[in-house]
Amino acid sequence: ISSDVGYNGQLGVKYNASRDFGIKANVTTGLLEGSETNLAFENQFFQYSLRGVFNVSQLANINRQFPKINLHAYAGIGNIVNDAEFTNASNPDNNRTFSDNVTTVPLGVTLEYYLSNRLDLFADVNYTYSNDDLLDAYEPTTAANRANDGYSTFSIGLSYKLGEASDEHA
């Protein structure tokens, strides 16, 4: 089922082990929804994950050219708690609700702009791969139509640094 624009919010805590690499614990909640002719789904989800964060700007020496901009790439493992509902207007017997916990793999990039030594503005693009085919609560009748689901998010926000002032942008 084609998805529509939903919403998401996230909160994370990152520890930079070095200028090149960090670890981030992240929680995300939001709404996935979509519809096609006579079919619709809605999923209020909650996801938590642990991610390895690579400072691309530092690794590629981009930070010397653009000292106020920082690019991170990340990959990790997580879990999503689904609370989904599938509606079939032409065949209400196929309507169902679905709740479960599924392993996920979040992948993404974050672009940061330094506002001050402690405050950054960021934009984050994420793709999360799910280890099942039920994010939309739709269960295909044939095995050939089954494929693991995934979803993308785009977030903007602020991050605040708690470390030593001498650890600029770390």
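Just so you know, residue 1 is the first one in the sequence shown, and it goes up from there. The structure displayed is predicted, hence computed values, not measured ones.
Every residue was checked against the side chain to side chain donor-acceptor pair (under 3.5 Å) condition with Glu42, not counting sequence neighbours, and none meets it. When the side chain to side chain donor-acceptor pair (under 3.5 Å) test is applied to Asn94, no partner is found at least two apart in sequence or on another chain.
Side-chain polar atoms of Asn126 and Ser155 form no donor-acceptor pair below 3.5 angstrom. Side-chain contact of Thr110 with Asp124: a donor-acceptor pair under 3.5 Å is present, judged by distance alone.
Contact record, Ser49 with Arg51: OG-NE, 2.9 Å, taken as the closest heavy-atom pair. Shortest non-hydrogen contact noted between Glu112 and Ser159 is OE2-OG, 4.2 Å. Nearest approach of Gly12 to Lys24, heavy atoms of both residues: CA-CE, 3.9 Å. Between Lys161 and Ser116 the shortest heavy-atom distance is NZ-O, 3.8 Å. In this structure, Asn8 and Gln10 approach most closely via the heavy-atom pair OD1-NE2, 4.1 Å. Scanning both residues, Ser130 and Leu135, for their nearest heavy atoms gives CB-CD1, 3.8 Å.
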*Show the numbers, then the answer: is there a side chain to side chain contact (heavy atoms under 4.5 Å, CB included) between Phe86 and Leu39?*
CA-CA 8 Å; Phe86 173 76; Leu39 304 175; 3.7 Å; yes
*asked:* Let's go through Asn79 and Val81 carefully: what are the C-alpha distance in whole Å and the side-chain angles of both, what is the deciding distance for side chain to side chain contact (heavy atoms under 4.5 Å, CB included) to 0.1 Å, and is it a yes or a no?
replied: CA-CA 7 Å; Asn79 189 61; Val81 179; 4.1 Å; yes
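Cluster annotation: Val13 and Leu162 are assigned to distinct hydrophobic clusters (Ile/Leu/Val/Met/Phe/Trp/Tyr, side-chain heavy-atom contacts under 4.5 Å, transitive). Under a hydrophobic-cluster definition in which Ile, Leu, Val, Met, Phe, Trp and Tyr are linked whenever side-chain heavy atoms come within less than 4.5 Å, directly or via other members, Val105 and Val102 are assigned to different clusters. Cluster membership check: Phe154 does not share its hydrophobic cluster with Leu107, using side-chain heavy-atom separations under 4.5 Å among Ile, Leu, Val, Met, Phe, Trp and Tyr. Tyr160 and Tyr15 fall into different hydrophobic clusters, where Ile, Leu, Val, Met, Phe, Trp and Tyr residues are linked whenever their side-chain heavy atoms come under 4.5 Å apart, directly or through other members. Note: the hydrophobic cluster containing Tyr114 does not contain Leu119 (ILVMFWY, side chain heavy atoms under 4.5 Å, direct or indirect links).
Between Asp132 and Asp100, the closest side-chain pair of non-hydrogen atoms falls below 4.5 Å. At least one side-chain heavy atom of Leu32 sits under 4.5 Å from a side-chain heavy atom of Phe41.
No side-chain donor-acceptor contact under 3.5 Å links Asn43 to the backbone of Asn82.
When hydrophobic residues (I, L, V, M, F, W, Y) are linked wherever their side-chain heavy atoms come within less than 4.5 Å, the members clustered with Leu31 are Tyr7. When hydrophobic side chains of Ile, Leu, Val, Met, Phe, Trp and Tyr are connected at separations under 4.5 Å, Tyr74 ends up clustered with Val53. The hydrophobic cluster around Leu50 extends to Phe21, Ile23, Phe54, Leu59, counting ILVMFWY residues whose side-chain heavy atoms fall within less than 4.5 Å of a member.
Atom OG1 of Thr104 and atom CZ of Phe45 lie 10.0 Å apart (nearest 0.5 Å). Taking CG of Asn88 as the reference point, atom OG1 of Thr37 lies at 11.0 Å (rounded to 0.5 Å). Lys68 NZ to Leu115 CG: the interatomic distance, rounded to the nearest 0.5 Å, is 7.5 Å. Rounding to the nearest 0.5 angstrom, the gap separating the OG1 atom in Thr28 from the OH atom in Tyr151 is 6.0 Å. With rounding to the nearest 0.5 Å, the separation of NZ in Lys14 from NE2 in His72 is 3.5 Å. Rounded to the nearest 0.5 Å, atoms CG (Leu121) and CG (Leu158) are 6.0 Å apart.
Taking a 6.0 Å sphere around CD1 of Ile156, one finds it holds 12 or fewer heavy atoms contributed by other residues, nucleotides or ligands. Atom OH of Tyr129 sits in a crowded spot, with more than 12 heavy atoms from other residues, nucleotides or ligands closer than 6.0 Å.
For the salt bridge (Lys or Arg N to Asp or Glu O under 4.0 Å) condition, no pair includes a residue of residues 81-92, sequence neighbours left out.
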